2 protein chains.
Amino acid sequence: MPGTPGEREESLDVIQRELTAFARRARAAAARLHPELPLVSYTLLAHIDDQQGCRATDLAAHYMLDKSTVSRQIGALEKLGLVERHPDPDDHRIQVLHPTEAGTQALAATQASRRAAYQERLADWTADDLSRFAAYLLRYNATGDAPQS
Amino acid sequence: MPGTPGEREESLDVIQRELTAFARRARAAAARLHPELPLVSYTLLAHIDDQQGCRATDLAAHYMLDKSTVSRQIGALEKLGLVERHPDPDDHRIQVLHPTEAGTQALAATQASRRAAYQERLADWTADDLSRFAAYLLRYNATGDAPQS
DNA sequence: GAAGTTCAGTTGTATAGTACAACGGAATTG
DNA sequence: CAATTCCGTTGTACTATACAACTGAACTTC
C-alpha cells in the first residue's frame, strides 16, 4: 500500500514514543511495587527459574547485558538467598544457576502482585482487546529478538 | 465478567512480560543507537519539543520522575545547548522550556535514525496493524497517567 | 498586609544499574 | 606445553534515579 506513507510514519512515531514512555515508567512502578526485589534482579530470577539451570553468560546474551552486570546481579541474588550456584562437573568454568526455595517463593509473590496491578489497570479492556494487544506486543518483540545497531 | 477468566489472565501475563522485556532492552538499544544523546535527555527533549513550552513539573508528572531528576536532566540539556529556559512573566516560579535551534536539529537527527530502526523492524506490518498497535499503546499509557499502587 | 501554606525548582547525598577494561582460572587447540 | 579462547570477578566510572532539605515565589486567610 503506497498510498499512506504519512499515516504509517505517524504510527511509528507514536509506537516509539509510547513504548519509551512505558519503559521509563516501568522502572518507577517496579521500584514502588516491590522495593525489596529490584527490577533487574526480578527479571533475571524469573529467567533463571524459567530456564531451570542457566549460566551467567546466557543471561548476559539474552538481555544484552554485560557479563559484569550479570555477575553482580547474581551476586546480589545469592546474597539474598534467592539463587544458588552449582559448579558444572564437566566444565569447571561454568556455574549453573537455579532458584532456591526462597527464590521460587519470592518470585511467585512478586508475580502475583504484578498481575494484580495489571489487572486493575486494564480492568476496562475487553478480553478481545487484551488479546490483540498481547499479540501485537509478542509480534513486536519477536521481530526484535535478534536486532542490530 | 466471570465467564472467561483464563484467557484474560493469559493476555495480562503476556502483556506484562512483553512490556517488561521491551523495557529491559530499550535502554541498551538506545545507548547503542545514540551514544551522544542520552536516552532520558532525548525523551525529555522530545516531549519539550512536542508540547512547545512545558514546565519541568509537567515532565516529572508525565514520566513519573522526581523533580530533582528532571531538574538535572534539564540542566544537562541546557549545558549541551539543546534547550532554553524562559521565565514566565506571570508566575516567576515557572520556567518555560523549549528547544533551541540545535535542540530541534539534534532531535530531528535522532528521530530520523530511530524511525529508520523502527521502520526496518516493523517493515512487514501493515499500516492498519501499526495504527491499531499505536492506539493500544496510547490507551495503555493513558490509563496509567494518573495511577498509584 | 503579615503569617502560614503551597508550588516550582535546585542541591546534597545515596543507591541501582550499567559498561568497559583488566584480570584469573579453566578448557581447547595447535 | 604454549597460545587462545571462554567464563566469570573485580576495579572504576558514569547515568539515572530517589528522597530530603532547602530557596524563593505565589496564593490564603485572617
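Below, chain A is the first sequence line, B the second, and so on; all start at residue 1. Keep in mind that the numbers below use all heavy atoms, side chains included, and drop hydrogens, waters and symmetry copies. Just so it is clear, the model here is predicted, and its values are computed rather than measured.
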* Using only heavy-atom distances, determine whether the side chains of Asp66(B) and Ser68(B) contain a donor-acceptor pair under 3.5 Å. => yes
* To do: Check whether any side-chain nitrogen or oxygen of Thr69(B) sits under 4.0 Å from OP1 or OP2 of dT17(D), and answer yes or no.
  => no
* To do: In whole angstrom, give the distance that lies between atom CD of Gln73(A) and atom P of dT10(D).
  => 15 Å
* May I ask you to evaluate whether Gln95(A) reaches the phosphate of dC7(D), defined as a side-chain N or O under 4.0 Å from OP1 or OP2? => no
* Applying salt bridge (Lys or Arg N to Asp or Glu O under 4.0 Å), which residue pairs with at least one partner in residues 93-112 of chain B are found, sequence neighbours left out? -> Asp91(B)-Arg93(B)
* Structure fact -> In whole angstroms, the gap separating P of dT5(D) from CD1 of Ile94(A) amounts to 18 Å
* Atom-to-atom span, NZ of Lys67(A) to P of dC6(D) - whole angstrom -> 11 Å
* Asked: Nearest nucleotide by nearest heavy atom, which residue falls closer to the 5' end of DNA chain C, Pro89(A) or Val96(B)?
  -> Val96(B)
* To do: Please tell me which of Ser41(B) and Asp88(B) maps to the more 5' nucleotide of DNA chain D, matching each residue to the nucleotide holding its nearest heavy atom.
  => Ser41(B)
* Asked: Of Arg27(A) and Ser71(A), whose closest DNA chain D nucleotide lies nearer the 5' terminus?
  -> Ser71(A)
* To do: Quick one: do Asp88(B) and Arg55(B) satisfy salt bridge (Lys or Arg N to Asp or Glu O under 4.0 Å)? Show the steps, please.
  => CA-CA 10 Å; Asp88(B) 185 317; Arg55(B) 318 190 318 254; over 6 Å; no
* Once you round it to whole Å, what is the distance between C1' of dG9(C) and CG of Leu59(B)? -> 12 Å
* Can you pull the salt bridge (Lys or Arg N to Asp or Glu O under 4.0 Å) pairs that have at least one residue in residues 67-82 of chain A, sequence neighbours excluded? -> Glu78(A)-Arg85(A)
* Asked: Which nucleotide, dA16(D), dG9(C), dA19(C), lies nearest any side-chain atom of Asp66(A)?
  -> dA19(C)
* Cation-pi, Phe133(A) ring and Arg132(B) (6.0 angstrom, 45 degrees) -> no
* Measure the distance from NE2 on His86(A) to P on dG8(D) and round it to the nearest whole Å. => 14 Å
* OP1 or OP2 of dC7(D) less than 4.0 angstrom from a side-chain nitrogen or oxygen of Arg55(A), does that happen here? -> yes
* To do: Give Asp91(B) one of three labels, base, sugar-phosphate or nothing, depending on what nucleic acid heavy atoms sit under 4.0 Å from its own.
  => sugar-phosphate
* Asked: Atom CG of Leu65(A) to atom C1' of dA19(C): distance rounded to whole Å?
  -> 10 Å
* Nearest-Å distance, CD (Glu78(A)) to P (dG8(D))? -> 13 Å
* To do: For dG9(C), take OP1 and OP2 only and decide whether either is under 4.0 Å from a side-chain N or O of Thr57(B).
  => yes
* Can you find a side chain N or O atom of Ser68(B) that sits less than 4.0 Å from OP1 or OP2 on dT10(C)? -> no
* OP1, OP2 of dT10(C) versus side-chain N and O of Arg85(B): anything below 4.0 Å? -> yes
* **Listed nucleotide nearest any side-chain atom of Arg93(A), set dT5(D), dA18(D), dC7(C)** => dT5(D)
* To do: Mind calculating the distance between CZ (Arg72(A)) and C1' (dT9(D)) to the nearest angstrom?
  => 8 Å
